[in-house]
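Everything below concerns the one structure shown next.
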Amino acid sequence: MSRAWATLQHADAVAKPGDLVIILDGIYRGDIILKSSGTPGHPITYRAENKRRAKIVGIGSGAGSAVIGLSGGYTVIQDLDVTGTDANGIILAYSGSIANHNQAIGNYVHGFVVPCNSDSGTAIESGAGDNYIGISHNDMIGNLVVNITPYGGCPGGHQASGLFAQTPYSVIADNIVINAGYGIQCWHAARNVAIVGNTLIDNLRSITVGAGDAPHGVINDYTLVQHNIIVHSKSLAIAETGKTGKHNRYIDNLIYGGNTTIDLNNELIARGTVNADPQFINNTGTATGNYSLQANSPARWDHVPVDALRAVIGADNVGHTTAVAIRPAAGIRADTASVRRGQSVILSWTTKNAVSAYLNGEPVPLAAP
């Protein structure tokens, strides 16, 4: 009869490309560094047997500490519950120069009180390895991030981050971030990042795009910010800071309540921004809320697969970044098949993925399909 291994470290020592490591329900205490690597098309996946019922509790502290750190590449961390005393939850490139093409998918990362200093801390970050060299394509997809705050509130100091891209070609998609300092932040060597389909609630600043500090000389350009829902930002809703380029795109985002300001560099203009209630099924502002959208929500955009996002921001498309193509569609019908002169008729129309609609040259309200 086979028996479960006692530690993830043992699994890491024997795992090979393409292996799936199932983590049984329970509480696992201690920080974990995973060094093994998968290969393209054959990642090593560490996944909870039952979503978010395998809980990893970190015991470290101080700058750079992490509950889970990766130094190998092509590794997936999936469906875990991650918390603890560390400054960071999951770092996808903790050390070395080969920790690329890693992914954090579907994890619940919560309850971190990070240092009030320039290092601060994050729930999930792309990481930078030893010196940013060779680190890219680290993704954060479908995670729930809640209550990532700096010690003592850190007034005037460096705030915590929910999701943090420090290197190029990251996909940050379909995440929910509640009560973090900077909900989603790009800095250091970040560029060509896709920030798409995320929901950000009650954060200090919801989305920040920029580059600066080590490794120096990087301009954050060809980044796409699209189809995000931002609710009750305390500071700016979307902002560019530091070194940014002229090819970043801000398309079809919804901003509601709080500070709705969008502050961009290089005379860029956000297109198709919607200022309306997103109509969540149950917005509690906590991890227990239901942030799916009601049928008549103005933010029911088509879901964009990660592979499509990768194609938009990928190395082969540098210089040609565009918004993900979402085609508008409309229909119109009358309440009767024929009409006599002088008879009234009721016209009904639907619109999908449209920013505005016109009927006989006159603007009309958007109606859900």
Side-chain angles (χ1 to χ4, degrees), residues 48 50-53 78-83 89-90 103-112 122-124 139-149 160-164 171-185 194-208 225-238 250-260 272-306 309 324 326 352-353 366 368-369:
N50 296 293
K51 188 168 185 176
R52 299 173 182 168
R53 292 179 63 180
Q78 187 170 359
D79 293 344
L80 300 177
D81 180 327
V82 179
T83 191
I90 301 172
Q103 295 182 315
I105 301 176
N107 303 285
Y108 174 35
V109 185
H110 60 101
F112 284 85
T122 63
I124 308 173
D139 302 333
M140 295 156 258
I141 301 166
N143 301 282
L144 174 61
V145 172
V146 182
N147 295 337
I148 313 299
T149 57
S161 299
L163 304 172
F164 188 15
V171 172
I172 304 176
D174 303 326
N175 303 280
I176 299 173
V177 182
I178 302 172
N179 188 32
Y182 293 167
I184 297 175
Q185 182 182 18
I195 303 173
V196 176
N198 302 283
T199 297
L200 301 111
I201 300 172
D202 294 333
N203 297 290
L204 177 64
R205 182 188 293 177
S206 292
I207 297 177
T208 304
V225 178
Q226 186 174 11
H227 293 177
N228 301 285
I229 298 173
I230 297 172
V231 176
H232 295 148
S233 268
K234 298 177 181 66
S235 180
L236 302 175
I238 301 174
Y250 301 84
I251 308 290
D252 298 343
N253 298 286
L254 183 147
I255 304 174
Y256 178 69
N259 190 319
T260 60
T273 304
V274 176
N275 296 112
D277 186 343
Q279 299 182 37
F280 298 126
I281 289 178
N282 183 25
N283 179 11
T284 65
T286 68
T288 61
N290 185 342
Y291 302 101
S292 299
L293 300 173
Q294 299 179 36
N296 59 347
S297 167
R300 291 185 66 88
W301 299 296
D302 288 355
H303 181 266
V304 182
V306 172
L309 296 176
V324 178
I326 302 295
K352 181 179 181 181
N353 301 323
L366 293 177

Please give me the minimum heavy-atom distance between [X] and [Y], naming the atom from each residue.
X      : Y      : answer
Leu254 : Trp301 : N-CH2, 3.7 Å
Pro278 : Leu293 : O-CD2, 3.4 Å
Tyr291 : Phe280 : O-CD2, 3.4 Å
Gln185 : Ser161 : OE1-OG, 2.7 Å
Arg205 : Ser233 : C-OG, 4.5 Å
His227 : Asn253 : N-OD1, 3.3 Å

Separation of [Y] [atom2] from [X] [atom1] (nearest 0.5 Å):
X      : Y      : atom1 : atom2 : answer
Ile124 : Ile148 : CD1   : CD1   : 8.5 Å
Ile90  : Met140 : CD1   : CE    : 10.0 Å
Ile141 : Ile105 : CD1   : CD1   : 5.0 Å
Arg52  : Asn107 : CZ    : CG    : 7.5 Å
Thr199 : Asn228 : OG1   : CG    : 8.0 Å

Fill in: Thr286: side chain to side chain contact (heavy atoms under 4.5 Å, CB included) partners, not counting sequence neighbours
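For Thr286 the side chain to side chain contact (heavy atoms under 4.5 Å, CB included) partners, ignoring immediate neighbours, are Thr284, Thr288.
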
Worksheet item: Among all residues two or more places apart in sequence or in another chain, which pass the side chain to side chain contact (heavy atoms under 4.5 Å, CB included) test with Asp79?
Response: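 Asp79 satisfies side chain to side chain contact (heavy atoms under 4.5 Å, CB included) with Arg47, Ala48, Lys51 once adjacent residues are dropped.
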
Can you name the residues that form a side-chain hydrogen bond (donor to acceptor under 3.5 Å, both in side chains) with [X], not counting sequence neighbours?
X      : result
Gln294 : none
Asn259 : Thr261
Asn175 : Asn143, Asn198
Asp139 : Gln103, Arg310

Practice prompt. State whether the number of non-hydrogen atoms from other residues, nucleotides or ligands found under 6.0 Å of Tyr256 atom OH is greater than 12.
Written response: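 Open: at most 12 neighbouring heavy atoms sit under 6.0 Å from OH of Tyr256.
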
Worksheet entry | Flag if over 12 foreign heavy atoms under 6.0 Å of CZ, Arg53 |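 Count not over threshold, so no.
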
Worksheet item: Only one of Thr208, Ile230, Ile172 clears side-chain contact (heavy atoms from CB on, under 4.5 Å) with Ile184; which?
Response: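 Testing Ile184 for a side-chain contact (heavy atoms from CB on, under 4.5 Å) against Thr208, Ile230, Ile172 leaves exactly one candidate, Ile172.
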
